[in-house]
A.B. asks: 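Mind having a look at this structure? Questions to follow.
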Amino acid sequence: MSLPDSGPSGAHALVRQETRPGAGMLGLRIAAVVILLGAAVVLIDAIRISISGGFGPQQPGFFPLIVGIGLVGFGVAFLVRSTLKPDRALVEQADEEHRDTHWRTLWTVVVALLVYVAVLDPLGYIIATSIFFVGIARVAGSRRLIRDVIIAVLFSAAVYFGFTELLGVRLPDGLLETVL
Amino acid sequence: MDVLADLLGGFANALEPQYLLYAAIGVTIGTLVGVLPGIGPALALALLLPLTYGFDPTGALIIFAGIYYGSLYGGAITSILLNTPGEAGSVATAIEGYPMAKAGRAGPALATAVMGSFSAGIISTLGLTFLAPLVANLARNFQATDYFALMVLAFVSVTALVGTSVIRGMISLFAGLFVGLVGLDFLTGQQRFTFGSAQLLGGIDIIIVVIGLFAIGEALYGLARLQYAKEQAVEFAGRIWLNREERSRVWKPWIRGGLLGFFFGSMPTGGSEVPTFLSYNVEKRLSKHKGEFGKGAIEGVAGPEAANNASFSGVLVPLLTLGIPTSATAAIILSAFQIYNIQPGPQLFEDSPDLVWTLIASLFIGNIMLLAINLPLVKLWIRILAIPKTLLYTGILVFGILGVYSLSGSITDLLLVCAIGAAGFFMRIYDFPVAPAVLGAILGPMMETQLRRALSISQNDFSVFFTRPLTVGLLLVALAVLVLPAVLPRLLRRVKRTDPVG
Amino acid sequence: MRWAVPLAASLLVLTGCGGESGGGDGSADDYPSQSIEIMAPADPGGGYDQTARSIGRSLDEGGVIDTGTEVYNVPGASGTAGLTQFVGENTGNPHQLMVIGKILVGAIEQTDSEVELEDTTPIARLTAEYDAVVVPADSEYETLEELMDAFEADPGGVAWGGGSVGGVDQILVAQLAESVGIEPAEINYIPYSGGGELTPAILSGDVTAAASGLAEFQDEIDAGDMRLLAVSSEEVIEGVDAPTIMDAGYDVSIANWRGVVAPPEISDEQRDAVVSMIEDMHDTPEWQETLESNNWDDFLLTGEEFGEYIDAETEDITQTLTDLGIVD
């Protein structure tokens with residue numbers, strides 16, 4: 001398998017050549033490899049659990065082993081169906097989905113989510129959520145900044161006060177700690 | 001009869017003003033959320049779980065039941081008008097409902113969906129009323145081996161949800177099973193798949209899985225396609241009522257759908273997917289208007305939508321009497337029970353009769369409210385569809401993160417939900433079915449625990465699985481279910497092939 | 001992200017009313033000067049959560065303080081996630097409290113938690129619940145002695161049901177076994193997630209006998225579906241028709257206690273102020289009603305004595321868990 005980059009850069013290539021044939025196939029193969037890698041990790045850890053906890057069906061390692069073997073087995077089968085014996089209908093569908101997917105948006109949103117999660121505590125709920133909201137709306141194509149900012153601030157403040165005051169759920173104050 | 005007296009007591013409680021108010025709030029919020037494209041009942045409940053923190057158990061469950069019914073109803077609106085079913089259960093509704101809407105018959109489609117839901121809701125809640133106490137009584141004798149056999153039956157039936165590709169379905173199922181195994185082993189305390197993270201010791205909450213796959217995954221999918229998608233204008237006018245001809249065409253599908261939904265909902269692998277599609281196929285076969293199917297046949301909306309609604313009361317049977325959640329929705333309702341330190345199971349009807357019967361009574365009330373309040377308000381709900389998609393998907397992301405944060409406040413959980421969301425996106429574009437993953441994560445740990453408990457109790461004597469009649473009976477049913485799909489799809493395919501193509 | 005903390009700190013300084021500093025400069029006289037936050041290191045609904053909310057309610061409604069209370073939950077890692085967060089984020093802040101209990105002591109060992117109870121400031125032990133040893137009503141065992149004789153004769157043949165691994169119930173069964181010379185490794189202990197799951201397993205005859213909180217079984221005992229053989233308290237419990245395990249002839253008693261601790265590095269004056277606040281809370285009618293309605297035994301022990309109690313418990317529980325092979 002010569003699949004160097006499954007990351008964002010690979011995805012950008014797809015954006016430029018949206019109709020390039022085989023994008024779906026490539027994606028499926030990457031997916032198969034990712035599944036197999038994950039399956040291998042699961043199986044190895046399952047073996048480790050079994051060694052320390054025992055292999056019998058009443059022991060903690062039994063189900064993990066079944067799951068590990070099952071994942072590897074079906075992962076290999078999926079790899080075969082995406083390489084040696086391609087599943088025609090699936091490849092067509094994947095091609096179509098790839099054509100309809102704006103990959104840069106996807107990866108930007110994923111990264112934005114991670115940043116949002118990371119800054120939630122230090123910045124506080126209202127600020128982090130407002131920034132995230134406006135940012136995502138913009139990435140997704142909204143060009144009405146003022147409207148988005150107003151909605152974002154109102155929305156996150158409403159959620160914050162609703163949850164903390166009415167439902168007793170703690171949300172981080174962050175920078176606004178002294179004010180709230 | 002005892003049951004009727006209990007039910008009347010339940011009504012006496014549920015009709016108290018504050019509970020009526022709760023039911024109304026639940027129904028309204030549920031519809032509001034359900035009407036948002038892409039949000040189905042399971043997700044609505046997962047996102048709104050924190051709402052229950054402020055109420056007493058009965059009140060919270062009434063709100064929850066209301067949210068559930070409301071979101072089903074809201075989901076029908078979006079399925080019919082926008083062709084964006086929020087959950088597997090409303091996919092069948094969209095097949096005929098959307099063509100009806102395009103042909104300017106959205107009103108009758110919505111009306112049959114609402115009234116069908118109502119009739120089916122009443123049928124299936126009656127079913128629940130009479131069946132649940134019986135099952136609870138029976139379940140008092142259930143031992144670990146019987147529970148294990150039930151789980152085997154459940155997993156065998158999951159194969160029915162696997163969909164078109166066995167390989168992808170099984171990968172999805174095993175991935176779900178893996179998620180269910182993470183954490184401290186329940187019986188020995190050994191760490192499994194925690195990869196050194198203390199935050200994973202407690203396992204991965206099913207709500208994280210549901211929010212990840214449904215909310216984050218769905219929003220990512222929606223956002224990534226936004227650049228290319230054409231906004232569909234929602235056009236809607238005319239009566240939301242059924243004329244005489246339509247009425248004569250839909251009442252039988254309502255009843256059939258209600259029965260199918262309740263029956264399959266109460267099976268060990270409940271959920272709404274199987275009964276809705278079965279109902280669709282049944283109606284297609286029985287209809288005198290076969291030619292309309294695919295182009296907007298009203299029976300194709302009436303049956304599946306009834307089955308969808310009815311399956312909920314069905315799912316409540318194993319949940320309330322055995323403590324087994326057989327769908328994502330049920331798993332979240334179980335979480336709500338557990339927040340109040342209530343464990344559904346054979347004891348529930350004895351220990352908390354007030355709660356159970358008030359809940360069941362409120363299901364009747366919720367159904368009536370939906371019919372009475374919401375039918376006239378359809379036009380109001382449709383306005384919600386005018387929310388710009390960018391804001392909608394962003395809002396779903398924010399709510400998803402909020403739902404997980406309010407669960408634990410843990411950054412690890414938040415990262416997990418993002419990862420599961422990304423996985424959900426790719427599952428969607430490469431056509432991996434999601435239901436097996438969710439059920440694997442819910443039922444896998446239960447199956448493992450019961451197997452190992454049974455073996456511990458018998459001191460590793462496997463014969464316990466073949467000496468108890470109940471266990472053997474359940475295992476035989478499981479075997480039958482395993483064999484049936486080899487025959488059933490062939491039958492269904494034959495039906496499809498005989499349909500006129502043009 | 002890293003700049004955010006200094007930025008937040010400087011903002012606090014600028015505005016001059018930093019929330020964190022509430023305890024640092026304040027003398028004990030004006031304690032509490034802000035709202036008391038109480039952490040329950042578990043999901044809503046469980047014993048920790050109930051205890052935390054009851055304390056909060058008694059402080060507020062009992063008129064002990066007028067600055068308000070807030071209860072929050074940090075579930076995860078059997079309670080140690082909450083402990084880690086509590087110690088890590090609240091050092092020196094006397095307005096923060098956390099509910100702890102016997103189960104947490106075991107969980108700390110079981111999860112190899114880096115933060116331990118030693119890192120906190122003990123305030124008060126408040127409540128205790130006792131375990132009951134029960135069998136199904138149609139069981140052949142009429143007394144604890146009969147059950148224990150069968151247990152001794154064939155340790156694996158008696159399937160014991162109880163709560164989660166490493167919890168109070170398993171420790172009780174292990175100590176019962178040890179009292180008659182049964183190796184802990186031979187015990188056939190089957191954990192259940194709680195009374196709701198355990199009760200059906202007892203009634204269906206899945207397990208031979210079970211040990212768990214008395215309150216979990218009260219309804220079934222009253223209804224005659226279960227037979228109560230003994231309770232784990234040191235003295236006979238009023239209104240309960242069963243001997244203690246000690247009276248039945250086995251040198252075992254166990255109390256599932258809960259209490260509160262404060263963060264590390266608060267001054268002695270601050271600690272005394274917190275202790276006296278909790279003592280005032282303990283005397284309110286609201287708290288006494290809570291004890292009554294939950295069937296919690298009044299188990300008050302404060303300050304340093306509570307600290308010594310925790311140390312003794314830690315040693316005791318660690319020993320039992322090691323014997324059971326749960327902790328290495």
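Proteins get letters first, then strands, A, B, ... in listed order; numbering begins at 1 in each. These values consider heavy atoms only, across backbone and side chains, with no hydrogens, waters or symmetry-generated copies.
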A.B. asks: In terms of heavy-atom pairs under 4.5 Å, which option from C:G47, C:G196, C:A201 contacts chain B the most?
C.D. replies: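 Top count of heavy-atom pairs under 4.5 Å with chain B: C:G196.
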A.B. asks: Could you check whether any side-chain heavy atom of B:Q343 comes within less than 4.5 Å of a side-chain heavy atom of C:L198, counting everything from C-beta outward?
C.D. replies: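 A side-chain contact under 4.5 Å is absent here.
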A.B. asks: Give the interface residues of residues 409-419 of chain B toward chain C, defined by a heavy-atom separation under 4.5 Å.
C.D. replies: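 Contacts with chain C: none.
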A.B. asks: Can you tell me which of C:G82, C:S193, C:G325 forms the most heavy-atom pairs within a distance under 4.5 Å of chain B?
C.D. replies: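 Winner by heavy-atom pair count: C:S193.
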A.B. asks: Considering only heavy atoms, which portion of B:T188 lies under 4.5 Å from any heavy atom of chain C: side chain, backbone, both, or neither?
C.D. replies: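 Contact with chain C is through the backbone of B:T188 alone.
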A.B. asks: Apply side-chain contact (heavy atoms from CB on, under 4.5 Å) to C:N188 and B:I457, showing your working.
C.D. replies: CA-CA 7 Å; C:N188 189 359; B:I457 292 168; 5.5 Å; no
A.B. asks: Can you tell if the side chain of C:S78 reaches within under 4.5 Å of the side chain of B:L184, non-hydrogen atoms only?
C.D. replies: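 When only atoms from C-beta onward are counted, B:L184 and C:S78 do touch, with a gap below 4.5 Å.
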A.B. asks: Under a 4.5 Å heavy-atom cut-off, does chain B meet the side chain of C:Y192, its backbone, both or neither?
C.D. replies: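 Contact with chain B: backbone and side chain both.
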A.B. asks: Any side-chain to backbone donor/acceptor pair from C:S204 onto B:R140? Under 3.5 Å, distance only.
C.D. replies: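 The answer is no, because no donor-acceptor pair under 3.5 Å joins these two groups.
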A.B. asks: Taking atom OG1 of B:T449 and atom CD of C:E197, what is their separation to the nearest 0.5 Å?
C.D. replies: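 It comes to 7.5 Å.
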A.B. asks: Take atom CD in C:E118; do more than 12 heavy atoms of anything else shown fall under 6.0 Å from it?
C.D. replies: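 For C:E118, atom CD is not crowded (no more than 12 foreign heavy atoms under 6.0 Å).
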A.B. asks: Using non-hydrogen atoms and a 4.5 Å limit, figure out which bit of B:Q199 sits close to chain C: side chain, backbone, both or neither.
C.D. replies: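 Side chain only.
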A.B. asks: Within this structure, what is the CG-CG distance for the pair B:N141 and C:D206, rounded to the nearest 0.5 Å?
C.D. replies: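 Result: 11.0 Å between the selected atoms.
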A.B. asks: Is atom CD of C:E152 surrounded by more than 12 heavy atoms (other residues, nucleotides or ligands) closer than 6.0 Å?
C.D. replies: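 Check passes, neighbour count above 12.
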A.B. asks: Considering only heavy atoms, which portion of C:T111 lies under 4.5 Å from any heavy atom of chain B: side chain, backbone, both, or neither?
C.D. replies: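 Both parts, backbone and side chain.
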A.B. asks: Working to the nearest 0.5 angstrom, can you tell me the gap between C:L203 CG and B:E350 CD?
C.D. replies: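 So the CG of C:L203 and the CD of B:E350 are separated by 8.0 Å.
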A.B. asks: In terms of heavy-atom pairs under 4.5 Å, which option from B:L407, B:L201, B:D185, B:D146 contacts chain C the most?
C.D. replies: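 Most heavy-atom pairs under 4.5 Å with chain C: B:L201.
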A.B. asks: To the closest 0.5 Å, what do you measure between CG (B:L348) and OG1 (C:T199)?
C.D. replies: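 Taking CG in B:L348 and OG1 in C:T199, the distance rounds to 12.0 Å.
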A.B. asks: Side-chain contact, heavy-atom cut-off 4.5 Å: C:P191 with B:F186?
C.D. replies: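 The answer is yes; the side chains approach within 4.5 Å.
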A.B. asks: Taking side chain as everything from C-beta outward and backbone as N, CA, C, O, which of these in C:S113 sits under 4.5 Å from a heavy atom of chain B? Side chain, backbone, both or neither.
C.D. replies: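 When you check distances to chain B, no heavy atom of C:S113 falls under 4.5 Å.
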A.B. asks: Which atoms of C:Q170 come close to chain B, meaning under 4.5 Å heavy atom to heavy atom: side chain ones, backbone ones, both, or neither?
C.D. replies: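 Neither part; nothing is under 4.5 Å.
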A.B. asks: Would you give the length of the straight line joining atom CD of B:Q347 to atom CG of C:D225, rounded to the nearest 0.5 angstrom?
C.D. replies: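 Spacing of CD (B:Q347) from CG (C:D225) equals 7.5 Å.
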